Amino acid sequence: MSAIELSKPQWSSQKVFILAAVGSAVGLGNIWKFPYITGENGGGAFVLVYLLCVALIGLPVLMSEVGLGRLGRANPPQAMANLAADFRASPLWSLLGLNGVLAGLLILSFYTVIAGWAMDYFVESAKGSFRGISGEAVGQYFSGFLANPWALLFWHTVMVGLTLAIVAKGVKGGLEKAVNFMMPLLFLILLVLVGWSAAQNSFGDSLRFLFAPDFSKLTWEAVLIAMGHAFFTLSIGMGAMMVYGSYLPEGYSITRASLWIVFADTAVALLAGVVIFTVVFGNGLEPGAGPGLLFQTLPVAFGQMSGGWFWGTLFFFLVVLAALSSAISLIEPAVSWLEQNWRMSRIRATLLLGALVWLAGIGTVLSFNAWKDVHLLPGRTFFDSLDFVTANIMLPLGGMLMAVFMAWVIPAAVRRKTFDLGLVGDALFIRDLRYIAPVGVLIVFASNLVESSLHRWIAVGVALALYALYAYNRSRYNLSIRPGE
Ligand code: TRP
(Lines give C-alpha, C1' and ligand atoms only; values in the text may rest on other atoms or scores of the structure.)
Protein backbone atom coordinates (compact mmCIF):
# COMPACT_ATOMS: atom_id res chain seq x y z
CA MET A 1 0.00 0.00 0.00
CA SER A 2 0.92 3.63 0.05
CA ALA A 3 4.22 4.64 1.51
CA ILE A 4 2.94 7.63 3.46
CA GLU A 5 -0.64 7.90 4.55
CA LEU A 6 -1.23 10.57 7.07
CA SER A 7 -4.11 11.15 9.30
CA LYS A 8 -5.38 14.45 8.06
CA PRO A 9 -7.97 16.99 8.91
CA GLN A 10 -11.25 16.34 7.14
CA TRP A 11 -13.87 18.78 5.97
CA SER A 12 -16.72 18.97 8.42
CA SER A 13 -19.33 18.99 5.67
CA GLN A 14 -19.72 18.94 1.93
CA LYS A 15 -20.72 22.59 2.10
CA VAL A 16 -17.51 23.61 3.84
CA PHE A 17 -15.49 21.84 1.17
CA ILE A 18 -17.40 23.56 -1.61
CA LEU A 19 -16.94 26.94 0.07
CA ALA A 20 -13.22 26.46 0.48
CA ALA A 21 -12.84 25.27 -3.10
CA VAL A 22 -14.92 28.15 -4.43
CA GLY A 23 -12.83 30.44 -2.20
CA SER A 24 -9.73 29.12 -3.94
CA ALA A 25 -11.19 29.38 -7.42
CA VAL A 26 -12.80 32.80 -7.13
CA GLY A 27 -10.11 35.42 -6.81
CA LEU A 28 -8.06 37.90 -8.74
CA GLY A 29 -8.29 35.57 -11.72
CA ASN A 30 -11.97 36.33 -12.08
CA ILE A 31 -12.12 40.00 -11.21
CA TRP A 32 -8.75 41.28 -12.33
CA LYS A 33 -7.23 38.88 -14.85
CA PHE A 34 -10.22 37.69 -16.86
CA PRO A 35 -11.37 41.20 -17.85
CA TYR A 36 -7.92 42.43 -18.75
CA ILE A 37 -6.88 39.46 -20.88
CA THR A 38 -10.29 39.54 -22.54
CA GLY A 39 -9.70 43.21 -23.36
CA GLU A 40 -6.24 42.47 -24.71
CA ASN A 41 -7.45 39.61 -26.88
CA GLY A 42 -10.39 41.19 -28.60
CA GLY A 43 -13.41 40.08 -26.56
CA GLY A 44 -16.16 37.67 -27.71
CA ALA A 45 -14.19 35.01 -29.58
CA PHE A 46 -11.68 34.84 -26.74
CA VAL A 47 -14.49 34.51 -24.19
CA LEU A 48 -16.04 31.71 -26.21
CA VAL A 49 -12.78 29.76 -26.34
CA TYR A 50 -12.36 30.31 -22.61
CA LEU A 51 -15.86 28.98 -21.89
CA LEU A 52 -15.27 25.94 -24.11
CA CYS A 53 -11.99 25.25 -22.30
CA VAL A 54 -13.70 25.54 -18.92
CA ALA A 55 -16.44 23.09 -19.91
CA LEU A 56 -14.45 20.55 -21.93
CA ILE A 57 -11.08 20.65 -20.16
CA GLY A 58 -11.53 22.52 -16.89
CA LEU A 59 -14.43 20.58 -15.42
CA PRO A 60 -13.09 17.06 -16.09
CA VAL A 61 -9.59 18.04 -14.95
CA LEU A 62 -11.01 19.61 -11.80
CA MET A 63 -12.91 16.41 -11.03
CA SER A 64 -9.81 14.33 -11.71
CA GLU A 65 -7.62 16.51 -9.53
CA VAL A 66 -9.98 16.38 -6.55
CA GLY A 67 -10.39 12.63 -7.13
CA LEU A 68 -6.62 12.05 -7.22
CA GLY A 69 -6.33 13.96 -3.96
CA ARG A 70 -8.96 11.85 -2.28
CA LEU A 71 -7.44 8.61 -3.59
CA GLY A 72 -3.83 9.63 -2.92
CA ARG A 73 -4.44 11.07 0.55
CA ALA A 74 -1.40 13.33 0.85
CA ASN A 75 0.31 16.45 -0.50
CA PRO A 76 0.60 16.48 -4.31
CA PRO A 77 4.08 14.95 -4.84
CA GLN A 78 3.36 12.28 -2.22
CA ALA A 79 -0.19 11.68 -3.41
CA MET A 80 1.10 11.02 -6.91
CA ALA A 81 3.84 8.75 -5.54
CA ASN A 82 1.23 6.85 -3.51
CA LEU A 83 -1.04 6.44 -6.49
CA ALA A 84 1.78 5.41 -8.80
CA ALA A 85 2.81 2.74 -6.31
CA ASP A 86 -0.77 1.54 -5.79
CA PHE A 87 -1.54 1.27 -9.47
CA ARG A 88 1.84 0.18 -10.81
CA ALA A 89 2.89 3.29 -12.67
CA SER A 90 6.26 5.04 -12.78
CA PRO A 91 7.42 6.80 -9.59
CA LEU A 92 8.30 9.73 -11.86
CA TRP A 93 4.65 10.75 -11.58
CA SER A 94 5.53 12.52 -8.34
CA LEU A 95 7.28 15.12 -10.53
CA LEU A 96 3.78 16.19 -11.50
CA GLY A 97 3.26 17.14 -7.87
CA LEU A 98 6.56 19.01 -7.76
CA ASN A 99 5.65 20.98 -10.87
CA GLY A 100 2.57 22.05 -8.96
CA VAL A 101 4.41 23.01 -5.80
CA LEU A 102 6.73 25.21 -7.82
CA ALA A 103 3.95 26.71 -9.95
CA GLY A 104 1.98 27.61 -6.83
CA LEU A 105 4.89 29.51 -5.31
CA LEU A 106 5.65 31.33 -8.55
CA ILE A 107 2.01 32.36 -8.98
CA LEU A 108 1.76 33.46 -5.38
CA SER A 109 4.77 35.74 -5.81
CA PHE A 110 2.89 37.94 -8.26
CA TYR A 111 -0.56 37.26 -6.84
CA THR A 112 0.26 39.02 -3.57
CA VAL A 113 1.59 42.05 -5.46
CA ILE A 114 -1.70 42.47 -7.33
CA ALA A 115 -3.71 41.77 -4.19
CA GLY A 116 -1.69 44.61 -2.67
CA TRP A 117 -3.06 46.95 -5.34
CA ALA A 118 -6.57 46.01 -4.25
CA MET A 119 -5.57 46.69 -0.65
CA ASP A 120 -4.33 50.15 -1.56
CA TYR A 121 -7.58 50.80 -3.42
CA PHE A 122 -9.56 49.66 -0.39
CA VAL A 123 -7.76 52.29 1.71
CA GLU A 124 -8.11 55.03 -0.92
CA SER A 125 -11.76 54.23 -1.39
CA ALA A 126 -12.40 54.37 2.35
CA LYS A 127 -10.67 57.77 2.47
CA GLY A 128 -13.12 58.99 -0.15
CA SER A 129 -10.46 59.63 -2.81
CA PHE A 130 -12.62 58.21 -5.58
CA ARG A 131 -15.67 60.45 -5.06
CA GLY A 132 -16.82 61.60 -8.51
CA ILE A 133 -13.44 60.71 -10.02
CA SER A 134 -13.02 60.81 -13.81
CA GLY A 135 -11.47 58.09 -15.94
CA GLU A 136 -8.52 60.32 -16.58
CA ALA A 137 -7.92 61.12 -12.92
CA VAL A 138 -8.06 57.51 -11.82
CA GLY A 139 -5.65 56.63 -14.62
CA GLN A 140 -3.25 59.23 -13.28
CA TYR A 141 -3.62 57.97 -9.74
CA PHE A 142 -2.92 54.44 -10.90
CA SER A 143 0.21 55.26 -12.91
CA GLY A 144 1.52 57.31 -10.00
CA PHE A 145 0.96 54.36 -7.70
CA LEU A 146 2.70 51.91 -10.03
CA ALA A 147 5.65 54.23 -10.47
CA ASN A 148 6.42 53.97 -6.77
CA PRO A 149 8.07 50.61 -6.04
CA TRP A 150 8.05 51.25 -2.29
CA ALA A 151 4.27 51.52 -2.18
CA LEU A 152 3.92 48.29 -4.15
CA LEU A 153 6.50 46.57 -1.99
CA PHE A 154 4.76 47.71 1.17
CA TRP A 155 1.39 46.24 0.15
CA HIS A 156 3.03 43.10 -1.24
CA THR A 157 4.66 42.63 2.16
CA VAL A 158 1.33 43.11 3.92
CA MET A 159 -0.39 40.56 1.70
CA VAL A 160 2.39 37.98 2.10
CA GLY A 161 2.18 38.53 5.85
CA LEU A 162 -1.58 38.02 5.94
CA THR A 163 -1.34 34.88 3.82
CA LEU A 164 1.33 33.42 6.08
CA ALA A 165 -0.60 34.27 9.23
CA ILE A 166 -3.62 32.34 7.97
CA VAL A 167 -1.64 29.40 6.62
CA ALA A 168 0.48 29.06 9.75
CA LYS A 169 -2.66 28.64 11.83
CA GLY A 170 -4.00 25.96 9.53
CA VAL A 171 -6.68 26.53 6.98
CA LYS A 172 -9.55 25.42 9.17
CA GLY A 173 -9.67 28.44 11.47
CA GLY A 174 -11.03 31.87 10.80
CA LEU A 175 -10.75 31.88 7.07
CA GLU A 176 -13.29 29.17 6.66
CA LYS A 177 -15.79 31.36 8.47
CA ALA A 178 -14.81 34.46 6.54
CA VAL A 179 -15.29 32.68 3.23
CA ASN A 180 -18.70 31.61 4.41
CA PHE A 181 -20.22 35.08 4.31
CA MET A 182 -17.78 36.73 1.96
CA MET A 183 -18.60 34.75 -1.19
CA PRO A 184 -22.32 35.52 -1.10
CA LEU A 185 -21.55 39.16 -0.31
CA LEU A 186 -19.13 39.49 -3.21
CA PHE A 187 -21.78 38.07 -5.45
CA LEU A 188 -24.31 40.57 -4.13
CA ILE A 189 -22.05 43.54 -4.80
CA LEU A 190 -21.40 42.31 -8.30
CA LEU A 191 -25.14 42.19 -8.85
CA VAL A 192 -25.47 45.78 -7.58
CA LEU A 193 -22.76 46.77 -10.03
CA VAL A 194 -24.43 44.92 -12.87
CA GLY A 195 -27.66 46.73 -12.01
CA TRP A 196 -25.85 50.04 -12.22
CA SER A 197 -24.24 48.99 -15.52
CA ALA A 198 -27.55 48.04 -17.06
CA ALA A 199 -28.68 51.64 -16.64
CA GLN A 200 -25.65 53.00 -18.53
CA ASN A 201 -25.66 53.72 -22.25
CA SER A 202 -22.55 51.64 -22.81
CA PHE A 203 -24.10 48.47 -21.36
CA GLY A 204 -24.98 47.17 -24.83
CA ASP A 205 -21.46 47.80 -26.10
CA SER A 206 -20.12 45.85 -23.17
CA LEU A 207 -22.37 42.85 -23.85
CA ARG A 208 -21.52 42.95 -27.55
CA PHE A 209 -17.82 43.09 -26.82
CA LEU A 210 -17.99 40.11 -24.47
CA PHE A 211 -20.50 37.89 -26.21
CA ALA A 212 -20.48 38.63 -29.94
CA PRO A 213 -17.50 36.65 -31.21
CA ASP A 214 -15.32 38.11 -33.94
CA PHE A 215 -13.05 35.27 -34.94
CA SER A 216 -10.81 37.46 -37.05
CA LYS A 217 -9.40 38.74 -33.76
CA LEU A 218 -8.48 35.28 -32.52
CA THR A 219 -4.84 34.17 -32.69
CA TRP A 220 -3.25 30.90 -31.62
CA GLU A 221 -1.63 32.76 -28.79
CA ALA A 222 -5.03 34.03 -27.64
CA VAL A 223 -6.28 30.44 -27.63
CA LEU A 224 -3.33 29.47 -25.44
CA ILE A 225 -4.07 32.33 -23.06
CA ALA A 226 -7.77 31.42 -22.90
CA MET A 227 -6.93 27.81 -22.18
CA GLY A 228 -4.30 28.73 -19.59
CA HIS A 229 -6.79 30.99 -17.90
CA ALA A 230 -9.33 28.17 -17.63
CA PHE A 231 -6.75 26.36 -15.49
CA PHE A 232 -5.76 29.45 -13.55
CA THR A 233 -9.26 30.56 -12.69
CA LEU A 234 -10.38 27.11 -11.53
CA SER A 235 -7.19 26.69 -9.46
CA ILE A 236 -6.36 23.46 -11.27
CA GLY A 237 -3.17 21.89 -12.57
CA MET A 238 -0.93 22.54 -9.57
CA GLY A 239 -2.37 20.46 -6.76
CA ALA A 240 -4.36 23.01 -4.75
CA MET A 241 -7.58 21.15 -5.46
CA MET A 242 -5.69 17.89 -4.90
CA VAL A 243 -4.84 18.98 -1.36
CA TYR A 244 -8.42 20.04 -0.75
CA GLY A 245 -9.58 16.70 -2.17
CA SER A 246 -7.25 14.87 0.18
CA TYR A 247 -9.28 16.24 3.10
CA LEU A 248 -12.49 14.94 1.54
CA PRO A 249 -14.22 12.06 3.32
CA GLU A 250 -15.69 9.18 1.35
CA GLY A 251 -19.26 9.68 0.32
CA TYR A 252 -19.16 13.35 -0.59
CA SER A 253 -19.94 13.97 -4.21
CA ILE A 254 -16.94 15.26 -6.17
CA THR A 255 -19.08 15.77 -9.22
CA ARG A 256 -21.63 17.98 -7.52
CA ALA A 257 -18.92 20.03 -5.82
CA SER A 258 -17.06 20.47 -9.11
CA LEU A 259 -20.16 21.68 -10.91
CA TRP A 260 -20.71 24.28 -8.20
CA ILE A 261 -17.13 25.48 -8.38
CA VAL A 262 -17.25 25.86 -12.15
CA PHE A 263 -20.61 27.61 -12.06
CA ALA A 264 -19.71 30.11 -9.33
CA ASP A 265 -16.30 30.83 -10.79
CA THR A 266 -17.60 31.44 -14.30
CA ALA A 267 -20.48 33.58 -13.09
CA VAL A 268 -18.22 35.89 -11.10
CA ALA A 269 -15.84 36.33 -14.04
CA LEU A 270 -18.59 37.14 -16.52
CA LEU A 271 -20.35 39.57 -14.17
CA ALA A 272 -17.08 41.37 -13.44
CA GLY A 273 -16.40 41.54 -17.17
CA VAL A 274 -19.81 43.04 -17.96
CA VAL A 275 -19.33 45.80 -15.37
CA ILE A 276 -15.77 46.64 -16.29
CA PHE A 277 -16.42 46.92 -20.03
CA THR A 278 -19.48 49.06 -19.39
CA VAL A 279 -17.15 51.54 -17.70
CA VAL A 280 -14.51 51.15 -20.41
CA PHE A 281 -16.88 51.97 -23.27
CA GLY A 282 -18.78 54.61 -21.32
CA ASN A 283 -15.65 56.60 -20.57
CA GLY A 284 -13.62 56.18 -23.72
CA LEU A 285 -11.08 53.98 -21.98
CA GLU A 286 -8.92 51.40 -23.69
CA PRO A 287 -10.10 47.71 -23.46
CA GLY A 288 -6.52 46.56 -23.99
CA ALA A 289 -5.13 48.63 -21.13
CA GLY A 290 -3.53 45.55 -19.58
CA PRO A 291 -3.14 44.53 -15.92
CA GLY A 292 -4.35 47.92 -14.70
CA LEU A 293 -7.78 47.60 -16.34
CA LEU A 294 -9.77 46.84 -13.18
CA PHE A 295 -8.01 49.58 -11.26
CA GLN A 296 -8.53 52.18 -13.96
CA THR A 297 -12.23 51.50 -14.43
CA LEU A 298 -14.16 50.51 -11.33
CA PRO A 299 -13.38 53.62 -9.27
CA VAL A 300 -15.09 55.61 -12.02
CA ALA A 301 -18.24 53.51 -11.64
CA PHE A 302 -18.20 53.82 -7.87
CA GLY A 303 -17.48 57.51 -8.13
CA GLN A 304 -20.64 58.07 -10.16
CA MET A 305 -23.17 55.84 -8.44
CA SER A 306 -25.12 56.81 -5.36
CA GLY A 307 -23.72 55.13 -2.27
CA GLY A 308 -20.56 54.60 -4.31
CA TRP A 309 -18.25 55.26 -1.38
CA PHE A 310 -19.84 52.44 0.57
CA TRP A 311 -20.03 49.96 -2.31
CA GLY A 312 -16.55 50.76 -3.53
CA THR A 313 -14.91 50.36 -0.15
CA LEU A 314 -16.75 47.12 0.49
CA PHE A 315 -15.92 45.87 -2.99
CA PHE A 316 -12.17 46.32 -2.66
CA PHE A 317 -12.29 44.79 0.80
CA LEU A 318 -13.97 41.72 -0.63
CA VAL A 319 -11.48 41.53 -3.49
CA VAL A 320 -8.73 41.40 -0.87
CA LEU A 321 -10.55 38.62 0.99
CA ALA A 322 -11.19 36.70 -2.23
CA ALA A 323 -7.50 37.04 -3.06
CA LEU A 324 -6.51 35.79 0.39
CA SER A 325 -8.71 32.70 0.19
CA SER A 326 -7.02 31.95 -3.14
CA ALA A 327 -3.53 32.78 -1.92
CA ILE A 328 -3.66 30.23 0.88
CA SER A 329 -4.46 27.51 -1.62
CA LEU A 330 -1.46 28.51 -3.71
CA ILE A 331 0.97 27.90 -0.84
CA GLU A 332 -0.80 25.03 0.94
CA PRO A 333 0.56 22.25 -1.33
CA ALA A 334 4.13 23.41 -0.70
CA VAL A 335 3.58 23.77 3.03
CA SER A 336 2.07 20.33 3.43
CA TRP A 337 4.83 18.83 1.29
CA LEU A 338 7.56 20.34 3.52
CA GLU A 339 5.62 19.29 6.61
CA GLN A 340 4.98 15.72 5.59
CA ASN A 341 7.98 14.81 3.48
CA TRP A 342 10.69 16.96 5.03
CA ARG A 343 9.45 16.83 8.61
CA MET A 344 9.41 20.57 8.99
CA SER A 345 7.07 22.23 11.45
CA ARG A 346 4.15 24.06 9.89
CA ILE A 347 5.39 27.42 11.14
CA ARG A 348 8.90 26.87 9.81
CA ALA A 349 7.70 25.67 6.43
CA THR A 350 5.38 28.65 6.15
CA LEU A 351 8.08 31.15 7.05
CA LEU A 352 10.65 29.65 4.69
CA LEU A 353 8.26 29.60 1.75
CA GLY A 354 6.96 33.04 2.61
CA ALA A 355 10.48 34.45 2.47
CA LEU A 356 11.00 32.92 -0.99
CA VAL A 357 7.68 34.21 -2.26
CA TRP A 358 8.35 37.68 -0.86
CA LEU A 359 11.75 37.84 -2.56
CA ALA A 360 10.43 36.64 -5.90
CA GLY A 361 7.65 39.20 -5.63
CA ILE A 362 10.18 42.01 -5.78
CA GLY A 363 10.69 41.09 -9.43
CA THR A 364 7.02 41.70 -10.08
CA VAL A 365 7.02 44.94 -8.10
CA LEU A 366 9.85 46.27 -10.26
CA SER A 367 8.22 45.08 -13.50
CA PHE A 368 5.88 48.07 -13.27
CA ASN A 369 8.56 50.70 -12.74
CA ALA A 370 12.35 50.28 -12.61
CA TRP A 371 12.36 47.07 -14.68
CA LYS A 372 9.59 48.09 -17.05
CA ASP A 373 11.86 47.50 -20.03
CA VAL A 374 13.73 44.49 -18.68
CA HIS A 375 12.59 41.35 -20.46
CA LEU A 376 12.93 37.83 -19.12
CA LEU A 377 11.16 36.12 -22.01
CA PRO A 378 11.26 38.00 -25.32
CA GLY A 379 8.97 41.01 -25.10
CA ARG A 380 7.78 40.17 -21.59
CA THR A 381 8.60 41.79 -18.27
CA PHE A 382 9.45 39.71 -15.22
CA PHE A 383 5.79 39.73 -14.21
CA ASP A 384 4.51 38.90 -17.71
CA SER A 385 7.03 36.08 -17.99
CA LEU A 386 6.06 34.51 -14.67
CA ASP A 387 2.39 34.79 -15.50
CA PHE A 388 2.93 33.31 -18.95
CA VAL A 389 5.07 30.37 -17.86
CA THR A 390 2.85 29.40 -14.93
CA ALA A 391 -0.65 29.92 -16.31
CA ASN A 392 -0.03 29.00 -19.91
CA ILE A 393 2.53 26.23 -19.57
CA MET A 394 2.90 24.74 -16.08
CA LEU A 395 -0.81 24.58 -15.20
CA PRO A 396 -2.05 23.13 -18.52
CA LEU A 397 0.83 20.64 -18.48
CA GLY A 398 0.01 19.61 -14.91
CA GLY A 399 -3.71 19.43 -15.59
CA MET A 400 -3.22 17.42 -18.75
CA LEU A 401 -1.08 14.89 -16.90
CA MET A 402 -3.71 14.59 -14.17
CA ALA A 403 -6.32 13.82 -16.83
CA VAL A 404 -3.98 11.28 -18.41
CA PHE A 405 -3.31 9.64 -15.06
CA MET A 406 -7.00 9.42 -14.23
CA ALA A 407 -7.78 8.15 -17.72
CA TRP A 408 -5.03 5.61 -18.28
CA VAL A 409 -3.64 4.61 -14.90
CA ILE A 410 -6.54 4.54 -12.44
CA PRO A 411 -8.55 1.34 -12.95
CA ALA A 412 -12.09 1.74 -14.23
CA ALA A 413 -13.65 0.22 -11.13
CA VAL A 414 -11.89 2.71 -8.85
CA ARG A 415 -12.85 5.60 -11.11
CA ARG A 416 -16.50 4.58 -11.19
CA LYS A 417 -16.62 4.29 -7.43
CA THR A 418 -14.92 7.68 -6.98
CA PHE A 419 -17.19 9.70 -9.24
CA ASP A 420 -20.41 7.71 -9.32
CA LEU A 421 -21.47 9.26 -12.61
CA GLY A 422 -23.79 6.56 -13.88
CA LEU A 423 -23.20 4.65 -17.09
CA VAL A 424 -23.60 7.49 -19.56
CA GLY A 425 -21.84 10.06 -17.39
CA ASP A 426 -18.86 7.79 -16.89
CA ALA A 427 -18.65 7.02 -20.60
CA LEU A 428 -18.58 10.74 -21.40
CA PHE A 429 -16.13 11.46 -18.59
CA ILE A 430 -13.59 8.84 -19.64
CA ARG A 431 -13.79 9.81 -23.30
CA ASP A 432 -13.25 13.43 -22.43
CA LEU A 433 -10.28 12.55 -20.23
CA ARG A 434 -8.77 10.31 -22.89
CA TYR A 435 -9.47 12.07 -26.15
CA ILE A 436 -10.53 15.66 -25.53
CA ALA A 437 -8.74 17.24 -22.58
CA PRO A 438 -5.17 16.02 -23.29
CA VAL A 439 -5.55 16.32 -27.04
CA GLY A 440 -6.87 19.86 -26.66
CA VAL A 441 -3.92 20.88 -24.52
CA LEU A 442 -1.45 19.21 -26.90
CA ILE A 443 -2.90 20.93 -29.95
CA VAL A 444 -2.78 24.35 -28.31
CA PHE A 445 0.75 23.76 -27.01
CA ALA A 446 2.10 22.47 -30.29
CA SER A 447 0.54 25.21 -32.34
CA ASN A 448 2.17 27.84 -30.16
CA LEU A 449 5.58 26.24 -30.43
CA VAL A 450 6.21 27.40 -33.96
CA GLU A 451 5.36 30.42 -36.01
CA SER A 452 4.73 29.33 -39.58
CA SER A 453 1.51 27.50 -40.31
CA LEU A 454 3.03 24.49 -42.09
CA HIS A 455 5.38 23.75 -39.23
CA ARG A 456 2.51 24.36 -36.85
CA TRP A 457 0.56 21.44 -38.27
CA ILE A 458 3.61 19.24 -38.30
CA ALA A 459 4.14 19.99 -34.60
CA VAL A 460 0.51 19.22 -33.84
CA GLY A 461 0.77 15.95 -35.79
CA VAL A 462 3.90 14.84 -33.95
CA ALA A 463 2.37 15.66 -30.54
CA LEU A 464 -0.81 13.74 -31.31
CA ALA A 465 1.09 10.77 -32.72
CA LEU A 466 3.15 10.53 -29.54
CA TYR A 467 0.02 10.70 -27.41
CA ALA A 468 -1.67 8.00 -29.50
CA LEU A 469 1.37 5.79 -29.01
CA TYR A 470 1.24 6.28 -25.25
CA ALA A 471 -2.50 5.65 -25.13
CA TYR A 472 -2.18 2.51 -27.23
CA ASN A 473 0.56 1.10 -25.03
CA ARG A 474 -1.20 1.99 -21.86
CA SER A 475 -4.47 0.39 -22.88
CA ARG A 476 -2.68 -2.83 -23.88
CA TYR A 477 -0.92 -2.81 -20.53
CA ASN A 478 -4.21 -2.27 -18.72
CA LEU A 479 -5.74 -5.18 -20.63
CA SER A 480 -2.88 -7.46 -19.70
CA ILE A 481 -3.11 -6.81 -15.96
CA ARG A 482 -6.79 -6.10 -15.57
CA PRO A 483 -9.02 -8.21 -17.73
CA GLY A 484 -12.45 -6.63 -17.76
CA GLU A 485 -11.25 -3.02 -17.85
N1 TRP B 1 -8.04 30.61 -9.00
C2 TRP B 1 -7.52 31.74 -8.34
C3 TRP B 1 -8.00 32.98 -9.05
O4 TRP B 1 -8.68 32.89 -10.03
C5 TRP B 1 -6.02 31.71 -8.25
C6 TRP B 1 -5.53 30.45 -7.69
C7 TRP B 1 -5.69 29.98 -6.44
C8 TRP B 1 -4.86 29.43 -8.39
N9 TRP B 1 -5.14 28.74 -6.31
C10 TRP B 1 -4.65 28.38 -7.49
C11 TRP B 1 -4.44 29.32 -9.68
C12 TRP B 1 -4.04 27.23 -7.90
C13 TRP B 1 -3.83 28.16 -10.09
C14 TRP B 1 -3.62 27.10 -9.21
O15 TRP B 1 -7.70 34.07 -8.66
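Keep in mind that what you see is a predicted model, and the values were worked out from it rather than measured. Each ligand, and each atom within it, is numbered from 1 in the order the structure gives.
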Nearest option to atom 12 (C) of ligand 1, as decided by whichever heavy atom of E65, E332, M238 sits closest: M238
Nearest neighbour of atom 15 (O) of ligand 1 from the list F232, Y244, Y111, on a heavy-atom basis: Y111
Region of S235 engaging ligand 1 - heavy atom pairs below 4.0 Å: both
Proximity of D265 to ligand 1 by residue part, where a heavy atom lies under 4.0 Å: neither
Atom indices of ligand 1 within 4.0 angstrom of L28 heavy atoms, with elements: 15 (O)
Ligand-side contact atoms (ligand 1) for residue partner L395, heavy atom cut-off under 4.0 Å: 13 (C)
Ion pair check, E40 and K217, cut-off under 4.0 Å: no
Basic-acidic side-chain contact under 4.0 Å: K33, D387: yes
Heavy-atom side-chain contact between S109 and L105 under 4.5 Å: no
Roughly how far, to the nearest 0.5 Å, is the [atom2] atom of [Y] from the [atom1] atom of [X]?
{"X": "S143", "Y": "N369", "atom1": "OG", "atom2": "CG", "answer": "12.0 Å"}
{"X": "H156", "Y": "I114", "atom1": "NE2", "atom2": "CD1", "answer": "11.0 Å"}
{"X": "S336", "Y": "M344", "atom1": "OG", "atom2": "CE", "answer": "12.5 Å"}

Backbone or side-chain N or O of L330 under 3.5 Å from ligand 1 N or O: no
Any N/O pair G29/ligand 1 closer than 3.5 Å: yes
Heavy-atom pair with the smallest gap, counting every atom of M238 and A240: SD-N, 3.3 Å
Any idea which protein heavy atom is nearest [atom], and the distance to it?
{"atom": "atom 2 (C) of ligand 1", "value": "S24 O, 3.2 Å"}
{"atom": "atom 4 (O) of ligand 1", "value": "A25 O, 3.0 Å"}
{"atom": "atom 9 (N) of ligand 1", "value": "S329 OG, 2.9 Å"}

